[in-house]
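Letters go in sequence order (proteins before strands), and every chain restarts at 1.
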Amino acid sequence: MAAPERTPETFVSSVQRPPDFDDFWKQLLAEVAEIPLDPAMEHVPMRSTDEVDVYEIHYTSLDNVRIAGWYCVPKEAYLPPPYPGLLIVPGYVSEPTLPKSWAKQGYAAIGVAPRGKLRSNQNYNPGYPGLLVDNIVDRNTYSYRGFYIDACRAVDFALTRPEIDHSRIGVHGSSQGGALTITTAALRSDAITCGAAGAPYLCGFMESAALTHSYPYEEINEYLRLYPEREQQVRETLEYFDGNNFAPMIKSPMLVYIGLEDDVCPPETGYAVYNAMTCEKVLHTWENCAHDAGAFWEMAEIEAFLAKHLNPGNPAQRAETTVG
Amino acid sequence: MSEKPAGIDAFWQGVDDELASYPARPELENIPMRSTHFCDVYWVKLTSIGPYRIGGYLSIPHGDDPFPAIMQTPKYGSVNHVPDYNDRKRYVMFTLMHRGQRLTDSPWASAYPGLLTKGIASPETYIYRSIVADCLRGAEFLQSHPSVDANRLAIVGDDLALITAARRAEFSHVHAAGLLFYRLMEQREQSSAYPVEEVNDYLRGHPDQAEKVANTLAHIDPIHHVPSIKAKTLLSVGDDGKVGGPEWLQPLKDAIGGPVEEYRVTHRGGTDNDAIDAWLAQQLGREPMSKFRRTMP
């Protein structure tokens, strides 16, 4: 009998929410709140322009790991403060971008480099491939435990900046950046005003790995090919990190966009995480698009969505295309 | 359009000579985690100029060789993926990391942003002199591998694929997309997107060096290399009137030594991935395979 055709829009995820999911993350947020943020900023004249100042930033996160990032802020002569804040969260293999084009629109924009990314990898460096399966049998040491918190901690950095309007902070990214958009909007629902998540990764981990042989999910297939006896432990760990389980915690408006031929983050899992959101939300789906998630057309939609909720000073400027 | 630098041929001959002075001394180590029931995957180490030990993933299908093969030149960024699962079923795959990228970042780790302008004031000090050498070394390794069918040997990537195909003419096919160094001094005037913006950043701080930078970049501009290409080339072409569009690429297309076909990019990744895959499969005598499976497992 022929295998059935895929119908992503009708997919029902089997991901379970552990009973202590909320406690697990509350405890981690409480733990990191005890660690001094110790924010540092160094102006980078070479990357700054007439309109935008660029800073290399650092702050301290879970396990006292020092996290790097880029902070791009409009010059006062170009646009006066206060500015809406915007976290730009990175994809799996891409290095954090300098979000200068977003700053030109009027955002105080932070390009986050969670642990393991270049400049944040002195004390933790699982590599690529490697990050997705590092300590995957143990939720208390799994790679994304600290990684998710590092992105949340960028919100704390934003809240230290007097030029940012603390009532207007958004988050945006694609692929792993889409995942971090969801987890950050959920874990920091106290501070996030809106989020735009493209091709969300880290949603339905095991279902995704079953639907594709593309990396990074192929790392899970490879790991379980070598260690099939660990599957149950892997499943148990991943439920604590699954975007589907964060989605109902989001309170702010969300834009989700997916490619209907995405071999990297299967569209089924995009629908599932969108369906799990109970906030104000909108979904854009793109026929024949893969992991690009229709970015060629979607960027204008993303800019308009963020501008509607965050009201930057110069929305007529165009942003650099977001890559995952 | 960049002017062909005086002495460019001697410059690159010097790189070839320097490379020839270092034996590659390949080491292959099987990676059980990445190997499957249909292929073995190895981490390969090679010596390039410097001397510097570079690396790459080599995947060899099970069965009777020789096999058609594809070399993937390194992307601009710190990470290159393990070769695609479907590709590993059909081809010998070799994905190179140039010096400074993840897994080849000892003793030197590249910065992003930063790589594009490292040593850019002179072609002799420019990092891409060494990175091109890394690609040439990788090509020599793959071209001489006993499992590779020399008549079905492709190279895919950006400018580095074109330059490598030009200087190591044994490749039968080339696919090039997303060119960075082609007309880069013109590109920079139309873009503030990274990595092109790295050149703008550099020249804002060093406005007196524009001429030197232009001369350095001209040494890497594929237009001065592609007349030596003998392979059949597929060029991905973007939108009319834009950087990367047909008018923009026409001079390059005209300069390529071998036969050239165009693929007009649709910006729909599923469609574009499948079209490029089908072209390569047809040229190399394999069945096309979409990365996106259309039925449930």
Side-chain angles (χ1 to χ4, degrees), chain A residues 2-7 44-50 54 70 92-98 100-101 104 117-119 125 127-129 133 210-216 218-219 221-223 225-226 259-264 266-268 286-297 320-321, chain B residues 31-37 41 57 75-86 88-89 101-103 105 109-115 117 191-195 197-198 200-206 238-239 265-274 289-297:
Chain A
E5 297 270 315
R6 289 172 69 167
T7 52
V44 186
M46 181 184 182
R47 308 282 176 211
S48 300
T49 66
D50 290 345
V54 176
W70 299 107
Y92 191 74
V93 298
S94 59
E95 295 305 330
T97 183
L98 277 75
K100 278 159 76 170
S101 62
K104 232 175 148 180
K117 289 287 180 194
L118 295 182
R119 300 178 304 123
N125 195 13
Y128 297 87
V133 296
L211 284 164
T212 187
H213 280 299
S214 292
Y215 288 94
E218 182 65 4
E219 288 185 34
N221 293 327
E222 291 173 339
Y223 183 89
R225 212 162 40 230
L226 218 54
L260 294 179
E261 292 186 13
D262 189 343
D263 61 290
V264 178
E268 286 85 348
W286 293 96
E287 295 276 353
N288 304 120
C289 288
H291 202 48
D292 56 287
F296 183 76
W297 301 276
E320 221 174 284
T321 300
Chain B
I31 315 174
M33 177 80 89
R34 316 283 170 223
S35 299
T36 70
H37 64 282
V41 177
Y57 291 113
K75 295 174 181 167
Y76 190 86
S78 69
V79 178
N80 297 292
H81 271 312
V82 180
D84 177 71
Y85 188 86
N86 288 346
R88 282 186 273 154
K89 284 182 174 172
Q101 292 187 305
R102 297 249 188 189
L103 304 175
D105 55 359
S110 173
Y112 297 93
L115 180 71
T117 58
S191 176
S192 57
Y194 285 94
E197 178 72 356
E198 289 188 35
N200 292 328
D201 288 345
Y202 184 89
L203 289 176
R204 260 195 314 277
H206 307 85
D239 296 334
V265 171
T266 68
H267 303 290
R268 295 183 184 272
T271 301
D272 292 340
N273 289 344
D274 287 354
M289 294 178 78
S290 178
K291 287 182 184 177
F292 183 77
R293 58 181 306 160
R294 286 176 168 72
T295 56
M296 294 299 284

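In terms of heavy-atom proximity, Pro113(B) sits nearest to Trp70(A) at CD-CZ2, 3.8 Å. Summarising the geometry of Phe292(B) relative to Leu260(A), their closest heavy-atom pair is CZ-O, 3.3 Å, with the distance given to 0.1 Å. Nearest heavy-atom pair across Ala290(A) and Gly269(B) is CB-C, 3.7 Å. Taking every heavy atom of both residues into account, Met46(A) and Thr117(B) meet most closely at CE-OG1, 4.3 Å. For the residue pair Leu118(A) and Ser110(B), the shortest heavy atom distance occurs at CD1-O, 3.9 Å. The nearest pair of heavy atoms linking Pro32(B) to Leu226(A) is O-CD1, 4.3 Å.
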Residues Val41(B), Glu222(A); criterion side-chain contact (heavy atoms from CB on, under 4.5 Å); working and verdict: CA-CA 12 Å; Val41(B) 177; Glu222(A) 291 173 339; over 6 Å; no

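Of the listed residues (Arg294(B), Lys291(B), Arg293(B), Arg268(B)), just one forms a salt bridge (charged side-chain N to carboxylate O under 4.0 Å, His left out) with Glu261(A), and that residue is Arg294(B).
Contact of Pro195(B) with chain A is not made at all, since no heavy-atom distance falls under 4.5 Å. Of the two parts of Tyr76(B), neither the backbone nor the side chain holds a non-hydrogen atom closer than 4.5 Å to a non-hydrogen atom of chain A. Contacts of Ser48(A) with chain B are made by backbone atoms alone, with heavy-atom separations under 4.5 Å and no side-chain atom involved. Of the two parts of Glu198(B), the backbone and the side chain both hold a non-hydrogen atom closer than 4.5 Å to a non-hydrogen atom of chain A.
Of all the listed residues (Ala111(B), Ser191(B), Ser78(B), Ser290(B)), the one sharing the greatest number of non-hydrogen pairs under 4.5 Å with chain A is Ser78(B). Ranked by heavy-atom pairs shorter than 4.5 Å toward chain B, the options Val93(A), Thr7(A), Val54(A), Thr97(A) are led by Val93(A). For the set Ala109(B), Pro297(B), Gly205(B), Ser192(B), the count of heavy-atom pairs under 4.5 angstrom toward chain A peaks at Pro297(B). Contacts with chain B were tallied for Pro96(A), Pro129(A), Gly259(A); Pro129(A) has the most, counting heavy-atom pairs under 4.5 Å. Ranked by heavy-atom pairs shorter than 4.5 Å toward chain B, the options Glu320(A), His213(A), Glu95(A) are led by His213(A). Of all the listed residues (Asp262(A), Val264(A), Asn221(A)), the one sharing the greatest number of non-hydrogen pairs under 4.5 Å with chain B is Asp262(A).
Inter-residue side-chain proximity for Arg225(A) and Thr36(B) is flagged as met; some heavy-atom pair is nearer than 4.5 Å. Counting heavy atoms from C-beta on, the side chains of Phe296(A) and Val265(B) never come closer than 4.5 Å. Two residues are said to be in side-chain contact when any heavy atoms from C-beta on lie closer than 4.5 Å; Asp263(A) and Asn273(B) meet this criterion.
In this structure, CG in Leu98(A) is found 14.5 Å from OH in Tyr112(B), a value given to the nearest 0.5 Å. Rounded to the nearest 0.5 Å, atoms OH (Tyr215(A)) and CG (Asp84(B)) are 9.0 Å apart.
Between Trp297(A) and His267(B), the angle of the ring planes goes over 60°, which puts this pair in the perpendicular group of the 30/60° scheme.
A donor-acceptor contact shorter than 3.5 Å is absent between the side chain of Asn288(A) and the backbone of Thr271(B). Proximity of a side-chain donor or acceptor of Arg102(B) to a complementary backbone N or O of Gly127(A) within less than 3.5 Å is not detected.
With sequence neighbours left out, the salt bridge (Lys or Arg N to Asp or Glu O under 4.0 Å) criterion links Lys104(A) to no other residue.
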